[in-house]
Undergrad: 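Can you read through this structure? Questions will come right after.
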Amino acid sequence: MVHVLNPAAALARRPDRVLVAGGSGAGKTTVAGKLGTLLGLPRIELDALYYRPGWEVSPEFAADVARATERRRWITEWHYPEVNSLLARRADLLLWLDYPARITLTSLALRTLLRSMHREVLWSGNQEPPLRSVFTDPDHILRHGWTARHTTRTELRRLTAEDPEERLHLLRFTRPADLSRWLIDLARTLDGSTRPDGSTPSDGPTSPDRCPPQQKQQRRQRSNHAL
């Protein structure tokens with residue numbers, strides 16, 4: 001079900017349904033936001049569909065995801081086993097943030113610490129529990145991040161073996177710098193072909209020195225989103 005692409009090569013076609021996979025702390029949400037802005041894709045926030053107040057799991061989660069992904073265009077994260085197979089069947093591109101555990105776990109620890117210190121309100125009014133709960137709660141996000149650090153790789157290997165048709169295209173990045181470079185290149189490619197909303201640029205020169213001021217500003221904004 002997975003066809004691995006070369007990140008150095010341009011995409012053969014513009015994706016309409018995109019997944020961003022990776023371990024906890026890899027930055028899936030941030031990347032989905034940036035790429036969604038570049039491609040003009042509406043984002044489906046799975047965490048908001050999954051959690052109810054008190055960290056209760058919504059019994060309608062799978063059904064809600066199924067309905068949301070019936071739309072023609074979207075981008076979301078790929079990290080809930082209950083819906084991963086469904087998402088993989090409906091997506092046309094998957095970005096895999098396959099970073100070393102030292103990167104993802106450090107990022108996860110810092111994020112959890114800041115959320116706990118600032119009592120940040122998350123989905124459905126929930127907040128991170130006190131840091132000391134990492135020693136008592138087997139489902140604490142830090143413990144989960146460690147135990148599930150190889151889950152994505154295992155699931156992708158299973159998907160590859162399931163279906164030889166390779167309908168889902170995959171881009172794998174092992175360093176954040178490589179992903180940033182790819183996003184910048186994508187932004188430049190879009191400037192020369194199609195805009196994030198799917199429209200084509202007007203006829204005429206498209207070089208940075210001769211394009212209209214408004215188009216220059218749009219180019220700078222999209223490049224900033226890719227950094």
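Count residues from 1 along the sequence. Note that the structure is a prediction, hence the values are computed from the model and not measured. Just so it is clear, the values below take in all heavy atoms, side chains as well, and ignore hydrogens, waters and symmetry mates.
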Undergrad: With a 4.0 Å cut-off on N to O distance, would you call Asp178 and Arg181 a salt bridge?
TA: yes
Undergrad: Are any side-chain N or O atoms of Arg14 and backbone N or O atoms of Leu190, one a donor and one an acceptor, separated by less than 3.5 Å?
TA: no
Undergrad: Backbone N or O of Gly23 within a donor-acceptor pair of the Lys28 side chain at under 3.5 Å?
TA: yes
Undergrad: Stepwise, does the salt bridge (Lys or Arg N to Asp or Glu O under 4.0 Å) test hold for Glu60 with Arg52?
TA: CA-CA 11 Å; Glu60 290 85 27; Arg52 287 185 170 182; 2.5 Å; yes
Undergrad: Do you know the tightest heavy-atom contact between Leu35 and Trp182?
TA: CD1-CZ3, 4.1 Å
Undergrad: Looking at residues at least two apart in the chain, or sitting in another chain, which of them share a side-chain hydrogen bond (donor to acceptor under 3.5 Å, both in side chains) with Gln127?
TA: Arg119
Undergrad: Give me the atom names and distance for the closest heavy-atom approach of Ser24 to Ile141.
TA: OG-CD1, 4.2 Å
Undergrad: Does the side chain of Arg90 come within less than 4.5 Å of Glu70's, by heavy atoms?
TA: yes
Undergrad: Exactly one of Thr76, Leu171, Ile75 should register a side-chain contact (heavy atoms from CB on, under 4.5 Å) with Val18. Which one does?
TA: Ile75
Undergrad: Are the side chain of Arg115 and the backbone N or O of Thr112 linked by a donor-acceptor pair below 3.5 Å?
TA: no
Undergrad: Taking all atoms of both residues into account, what is the closest heavy-atom pair of Thr152 and Ala21, and its distance?
TA: CG2-CB, 4.0 Å
Undergrad: So, using salt bridge (charged side-chain N to carboxylate O under 4.0 Å, His left out) as the criterion, who are the partners of Arg111 when residues are at least two apart?
TA: none
Undergrad: For Glu82, check salt bridge (charged side-chain N to carboxylate O under 4.0 Å, His left out) against everything at least two apart and list the hits.
TA: none
Undergrad: Quick one: side chains of residues 93-103, donor-acceptor pairs under 3.5 Å with protein atoms, not counting sequence neighbours, listed by atom name and distance.
TA:
unit_1 : atom_1 : unit_2 : atom_2 : d
Asp98  : OD1    : Arg153 : NH2    : 2.8
Asp98  : OD2    : Arg153 : NH2    : 3.2
Asp98  : OD2    : Arg172 : NE     : 2.9
Asp98  : OD2    : Arg172 : NH2    : 2.9

Undergrad: Provide the closest heavy-atom pair for Leu168 versus Ala91 in the form atom of the first, atom of the second, distance.
TA: CD1-O, 3.6 Å
Undergrad: Taking all non-hydrogen atoms of both residues into account, name the closest pair between Gly25 and Ser107 and its distance.
TA: O-OG, 3.1 Å
Undergrad: Which residue pairs pass the ring pair (Phe, Tyr, Trp, His ring centres under 6.0 Å) test when at least one of the two sits in residues 30-53, sequence neighbours left out?
TA: Tyr50-Phe61, Tyr50-Tyr80, Tyr51-Trp55, Tyr51-Trp123
Undergrad: Any side-chain heavy atom of Val65 sitting closer than 4.5 Å to one from Ile44?
TA: no
Undergrad: Under the salt bridge (charged side-chain N to carboxylate O under 4.0 Å, His left out) rule, collect the residues that match up with Arg72, sequence neighbours excluded.
TA: Asp16
Undergrad: Under the salt bridge (Lys or Arg N to Asp or Glu O under 4.0 Å) rule, what do Arg188 and Asp191 come out as? Steps first, then yes or no, please.
TA: CA-CA 5 Å; Arg188 291 170 177 166; Asp191 279 337; over 6 Å; no
